[in-house]
Amino acid sequence: MYKLNDGREIPEIGFGTYKLKGHSGVQSIVSAINNGYRMLDTAYNYENEGTVGQAIAESSVKRSDLFVTSKLPGRYYQYDDAITALQESLYRAHLDYFDLYLLHWPNPKKGMYPEAWRALIDARKFGLVKSIGVCNFLPEYLEKLQNDTGILPAINQIELHPFFNEAKMRKYDADNGIITMDWSPLGRGSSVMSDPTLNELAAKYNKSVGQIILRWEYQLKTIPIPKSSKTSRQKENLDIFDFKISDADMSQINLLTKADGRVHDQDPAEYEEF
Ligand SMILES: NC(=O)c1ccc[n+]([C@@H]2O[C@H](COP(=O)([O-])OP(=O)(O)OC[C@H]3O[C@@H](n4cnc5c(N)ncnc54)[C@H](OP(=O)(O)O)[C@@H]3O)[C@@H](O)[C@H]2O)c1
């Protein structure tokens, strides 16, 4: 467990749920929980908070032993809308609270994220959420939150994998007591997985490429949230705590990053999502 800047604890790895919906989605998420994942990452915009809630109800693990994250979409960044959308998310998931609630995208041209942040601060006071954070935030947006409210997010969830390793943003987060969480930690199963260096390291450590990547992210002191619909991969992705990547090999992986390495071409300063 890591300690957040609000004193609460968070698991070192989580389970992504994007695209897991309906009956098969429930089955995949129940399998993930039963395989040992304790953190689940959903969002209003994934339209699967109901699926996640159903999986929690069907699993053999107590709600209090799980850490559930959801996210507020940009179209609800006005204060009242934000509180209502959050309540709606909780109703859909059949939960009383989220462990972590994040602003999904900064959408800086709209300039609404500071108001949404104030709503999250109050939502925490109301008991609707335990911890609050953001996704896809750049330093200038975090500074704005700090200057407006004096409260920095506990988590900044950003695209992070070997082809886009976010060294500057990670340092900024760490210097400011914010934990970096990695979305698309496996590059969404793209060409990252066939990279020759990663495949050589997988052979060297007798691990899969996915395990090398997730272990690297763990050793960077970030929190990966890999998604898999398959039980065998869910187990594989969790099985990263019995080996250590050497400093020299960590450096080799660090060199794989590219300026245009984003898998989804979503630069938070430009890309908007509501
Ligand atoms: N905040 C944001 O803006 C944001 C944006 C994107 C995503 N997210 C969150 O981050 C989570 C993870 O990101 P992601 O779903 O985009 O991508 P990801 O976790 O990097 O990759 C998932 C893909 O990789 C495959 N995969 C999983 N484990 C594998 C393994 N061991 N070997 C080979 N392939 C493997 C999966 O296929 P199978 O399912 O077939 O195994 C799936 O196609 C999402 O689910 C979501 O919760 C947040």
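Counting starts at 1 for both ligands and their atoms, following the listed order. In what follows, every heavy atom counts, from backbone to side chain, and hydrogens, waters and symmetry copies are set aside.
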Query - Pairing of Lys204 and Asp249 as salt bridge, 4.0 angstrom limit - result: yes
Requested in this report: Considering heavy atoms of the protein only, find what lies nearest to atom 41 (O) of ligand 1 and give residue, atom and distance to 0.1 Å.
Outcome: Ser228 OG, 2.5 Å
Query - Closest candidate by heavy atom, reference atom 2 (C) of ligand 1, pool Phe15, Tyr18, Trp105, Trp183 - result: Trp183
Query raised in the report: Can a salt bridge be assigned to the pair Arg215 and Asp242 using a cut-off of 4.0 Å between side-chain N and carboxylate O?
Result: no
Report summary line: For Cys135, the ligand 1 atoms with a heavy-atom partner under 4.0 Å come out as 1 (N)
Report task. Quick one: look at Thr42 and ligand 1, take heavy-atom pairs under 4.0 Å, and tell me if it's side chain, backbone, both or neither. Result -> neither
Query raised in the report: With the threshold set at 4.0 Å, does a side-chain nitrogen-carboxylate oxygen contact exist between Asp239 and Lys235?
Result: no
Query raised in the report: Would you call Asp81 and Arg75 a salt bridge, using N to O less than 4.0 angstrom?
Result: no
Query raised in the report: Under 4.0 Å from any heavy atom of Tyr46, which atoms of ligand 1 are there?
Result: 4 (C), 7 (C), 8 (N), 9 (C), 46 (C), 47 (O), 48 (C)
Query raised in the report: Can Trp216 and Asn254 be counted as having a side-chain donor-acceptor contact under 3.5 angstrom?
Result: yes
**Report entry** Test: Arg92 and Glu88 ion pair at under 4.0 Å
**Finding:** yes
Report summary line: Per-atom filter on ligand 1: closer than 4.0 angstrom to a heavy atom of Pro226 are 19 (O)
Query raised in the report: Which of the listed options, Lys19, Glu273, Lys235, Gln157, holds the heavy atom that is closest to atom 1 (N) of ligand 1?
Result: Gln157
Query - Residue pair Gln157 / Asp41, side-chain donor-acceptor N/O under 3.5 Å - result: yes
Query raised in the report: Where the closest heavy atom to atom 39 (O) of ligand 1 is concerned, which of Lys230, Gln234, Lys227, His161 has it?
Result: Lys227
Query raised in the report: Would one find an N or O of Met193, backbone or side chain, under 3.5 Å from an N or O of ligand 1?
Result: no
Requested in this report: For residues His104 and Tyr76, establish whether the separation of their ring centroids is below 6.0 Å.
Outcome: no
Query raised in the report: Would you say Pro185 has any N or O atom under 3.5 Å from an N or O of ligand 1, going by distance alone?
Result: yes
Query raised in the report: To the nearest 0.1 Å, how far is atom 31 (N) of ligand 1 from its closest protein heavy atom, and which atom is that?
Result: Asn237 OD1, 2.9 Å
Query raised in the report: When you check the gap from the basic side-chain N to the acidic O, do Lys221 and Asp173 get nearer than 4.0 Å?
Result: no
Report summary line: When distances are taken from atom 21 (O) of ligand 1, the protein heavy atom at minimum range is Arg188 CA, 3.2 Å
**Report entry** Under 4.0 Å to a heavy atom of Ser229 - the qualifying atoms of ligand 1, by number
**Finding:** 38 (P), 39 (O), 40 (O), 41 (O)
Query raised in the report: Less than 4.0 Å between a side-chain N and a carboxylate O, is that true for Lys207 and Glu236?
Result: no
Query - Heteroatom proximity flag, Asp41 to ligand 1, N/O under 3.5 Å - result: yes
Requested in this report: Ignoring hydrogens and angles, state whether a donor on the side chain of Glu49 or Ser70 is under 3.5 Å from an acceptor on the partner side chain.
Outcome: yes
Requested in this report: Give the atoms of ligand 1, by number and element, whose distance to some non-hydrogen atom of His104 is under 4.0 Å.
Outcome: 1 (N), 2 (C), 3 (O)
Query raised in the report: Where is the nearest protein heavy atom to atom 26 (N) of ligand 1: which residue, which atom, and how far?
Result: Arg233 NH1, 3.8 Å
Report summary line: CZ of Phe163 to CG of Leu256, rounded to nearest 0.5 Å, is 6.5 Å
Query raised in the report: Which ligand 1 atoms does Glu236 reach within 4.0 Å, using its non-hydrogen atoms?
Result: 31 (N)
Report task. Would you please determine whether Ser208 falls within less than 4.0 Å of ligand 1 on a heavy-atom basis? Result -> no
Requested in this report: Could you verify whether a donor N or O on one side chain and an acceptor N or O on the other, from Thr42 and Asn48, lie under 3.5 Å apart?
Outcome: yes
Query - Name of the residue among Tyr141, Trp105, Phe274 meeting ring pair (Phe, Tyr, Trp, His ring centres under 6.0 Å) with Tyr113 - result: Tyr141
Report task. Please report which non-hydrogen protein atom sits nearest to atom 20 (O) of ligand 1, along with the residue it belongs to and the distance in Å to one decimal place. Result -> Leu186 N, 2.8 Å
Requested in this report: Would you mind running through ligand 1 and noting each atom that sits below 4.0 Å from a heavy atom of Gly189?
Outcome: 21 (O), 23 (C), 24 (O)
Query raised in the report: For ligand 1, is there an N or O atom under 3.5 Å from any N or O atom of Asp182?
Result: no
Report task. Note the single closest protein heavy atom to atom 12 (C) of ligand 1, along with its residue, its atom name and the distance in Å. Result -> Ile225 O, 3.1 Å
Requested in this report: Decide, yes or no, whether a salt bridge links Lys125 with Asp122 under the criterion of side-chain N to carboxylate O below 4.0 Å.
Outcome: yes
Query raised in the report: Quick check: does His264 get an N/O under 3.5 Å from an N/O on ligand 1?
Result: no
Report task. Of the side chain and backbone of Asn136, name the one, both, or neither that has a heavy atom under 4.0 Å from an atom of ligand 1. Result -> side chain
Report summary line: Closest to atom 14 (P) of ligand 1 by heavy-atom distance, out of Ser190, Ser232, Ser184, is Ser184
Query raised in the report: Counting from 1, what ligand 1 atoms have a heavy atom of Gly187 closer than 4.0 Å?
Result: 20 (O)
